[in-house]
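All remarks here apply to the structure that follows.
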Amino acid sequence: MELPMPSSPNLVALYTITRREVIRILRIWSQTLLPSAITMTLYFVIFGRMVGSRIGEIAPGIQYIDYIVPGLIMMAVITNSYGNISSSFFGAKFGRHVEEMLASPMPSWVILAGYVAGAMLRGLIVAAIVLAISLFFTHIHLYHPWITLLTVLLTSLVFSLAGFVNAVYAKKFDDIALVPTFVLTPLTYLGGVFYSVSALGSPWKEVSYANPILYMVNAFRYGLLGISDVPLGVAFVVMSGFAVVLTVVGMALLNRGIGLRS
Amino acid sequence: MTTIPALDVVELKKTYANGVEALKGVSLTVQPGDFFALLGPNGAGKSTLIGILSSLVNATGGDARVFGVSVLERRNEAMRLIGLVPQELNFNFFEKPFDICVNAAGFYGIPRTVAAERAEKYLKELVLWDKAFQPARAMSGGMKRRLMIARAMMSEPKLLILDEPTAGVDIEIRRTMWKFISGINAAGTTVILTTHYLEEAEQLCRNIAIIDHGHIIENTSMKRLLSKLDVETFVLDLAAPVADLPVVPGVALARVDDMTLEAEMSREHDLNSLFAALSASGVVVRSMRNKANRLEELFVRLVENGKTGKADSGSRAA
Ligand SMILES: Nc1ncnc2c1ncn2[C@@H]1O[C@H](COP(=O)(O)OP(=O)(O)OP(=O)(O)O)[C@@H](O)[C@H]1O
Ligand SMILES: [Mg+2]
């Protein structure tokens, strides 16, 4: 898998980290790529075939299973991007080999970009796998390919960065398992994956709009199906806003060596 | 002639978050091409100093310049000049030694093709090539230490810092390591070595600093330091038990057990008078050896003095 070699030192370093991350993802594919494929197939079978067939059409021409597929793909992207960077970077911290990078001449942005690139690639690979599986169960049209792609990129960027911040602060493996279980999964379930928040009553509707994942799920659903509970512009502002803030936080943590340099 | 020192440490201080004052204003200079020993008892602050030089530890005061480049102000540039062999193993045990080396080079911006050649060269020189393509955890402790040396050489640093590279390594492998490091030094790389094997430092190093409780208590050339050793202690193994010790002027003779004596004397004092006196009182000496190697003896004295000195000013540290 040799690509044309970059020549600037920072690009060589960036390529080195990203390549190592991708090799790790492929080497332990049964932990990195397989679980989401299995979980999502179960969702498709249970919610799509068994439950969904009783619900019928959500909107003209859109079956329940079609409606939930975008959210399920987003869920896979979120957990995989987050899980990849938090376990890989925390593992490097725990095994001390993060010191190889910290004592090298690499600037902080290269370390952050390399790990984020690896995590985003995992998010995208899993998204492609889940999308491919969903084609056996649904008839999805790509209404807006660019919006779809941009949403998936921004979402995996946001959660890669968030996973990185988590890994920097984590002191034990429990610390990186807590956030996915107690924050990400609930927020995703409540982020309009399975239902339209516009159908909720007060105050649940208003509360739902405070959930950033809602905007990602809806922007993605718009890309795939052409329907959304939120204005697209707002969704992109929310996603970009989180991406910028988390990049600044990640860089500050690395530059100051918090949790990394004593 | 003024040359830029390979390492110039000025009033370096480190207080850890838990309040431990590991460095209390350390200054030292290492000249280019030197083979420099950094010695000190456990907990003296050696690894803390090395941690700051390799940017893994944040200093709380002072400065350190590597070939004129401040580690604190121009970190990335300074790191380009340094190769680090840390005290604790810090590579990924699941990776293969070859990949560990090539990736480490990648972090320094060295393209894979060049890195692959270097990895082969250094892994072969350190007799690790037959382990290069299996997970690093399958290596023995001594091999893992050598792997860290190979990894540090990947960037062909101008300053190589080794923090107890020979800890727990058998004598044969230690000799291989000495030969390798001496070769690197002869080729022009400045080397800083910490070790608790003092004969190793005595054999290899030209200059030396001794650090204790976060202070440099000695910084001089190995020759000058050894010449400071004015007292030597010999251990004498006897052929038969001895009842009464003869009195020998200028020699403090002491019994260790029935068959062993210790003789402490000034280095100027000749051995003939000792043996004459021993012969006269019928003591037969089977064999004789130095109680400790010379540097060890000095080291113990210096550190002991440091302790008594500290007892006087102990209230200051609290
Ligand atoms: N991360 C840390 N946090 C708090 N205190 C530390 C830390 N690292 C080292 N220390 C303390 O700083 C002091 C100096 O430790 P250091 O590791 O620099 O000693 P050393 O000279 O390398 O010792 P050794 O020969 O045992 O390796 C010790 O008192 C140690 O307990
Ligand atoms: Mg140490």
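Quick note on labels: first sequence line is chain A, next is B, and so on, each numbered from 1. It should be emphasised that the depicted structure is a prediction, and the values quoted were computed from it without experimental measurement.
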Whatever's closer than 4.5 Å to a heavy atom in chain A on B:E88 counts as side chain

B:L89, part contacting chain A, at a heavy-atom distance under 4.5 Å: backbone

Heavy-atom pairs under 4.5 Å with chain A, option from B:F91, B:F93, B:F94, B:Y108 with the top count: B:Y108

Which one wins on heavy-atom pair count under 4.5 Å against chain A: B:N103, B:N92, B:V57, B:I82? B:N92

Between A:R261 (side chain only) and B:S55 (backbone N and O only), is there a donor and an acceptor less than 3.5 Å apart? yes

Is a donor on one side and an acceptor on the other found under 3.5 Å between the side chain of A:S104 and the backbone of B:A104? no

Heavy-atom count around [X] [atom1] within 6.0 Å, excluding the residue itself: above 12?
{"X": "B:K96", "atom1": "NZ", "value": "no"}
{"X": "A:F242", "atom1": "CZ", "value": "no"}
{"X": "B:K124", "atom1": "NZ", "value": "yes"}
{"X": "B:I4", "atom1": "CD1", "value": "no"}
{"X": "A:F236", "atom1": "CZ", "value": "yes"}

Chain B shares the most heavy-atom pairs under 4.5 Å, among A:G91, A:G257, A:P107, A:A103, with A:A103

Highest number of heavy-atom pairs under 4.5 Å with chain B: which of A:R256, A:R96, A:M101? A:R96

Cut-off 4.5 Å, heavy atoms of chain B, and the answer for A:R24 is neither

Side chains of [X] and [Y]: does their closest heavy-atom pair fall under 4.5 Å?
{"X": "B:I100", "Y": "A:E100", "answer": "yes"}
{"X": "B:F107", "Y": "A:I111", "answer": "no"}
{"X": "A:R20", "Y": "B:E95", "answer": "yes"}
{"X": "A:P9", "Y": "B:R80", "answer": "yes"}

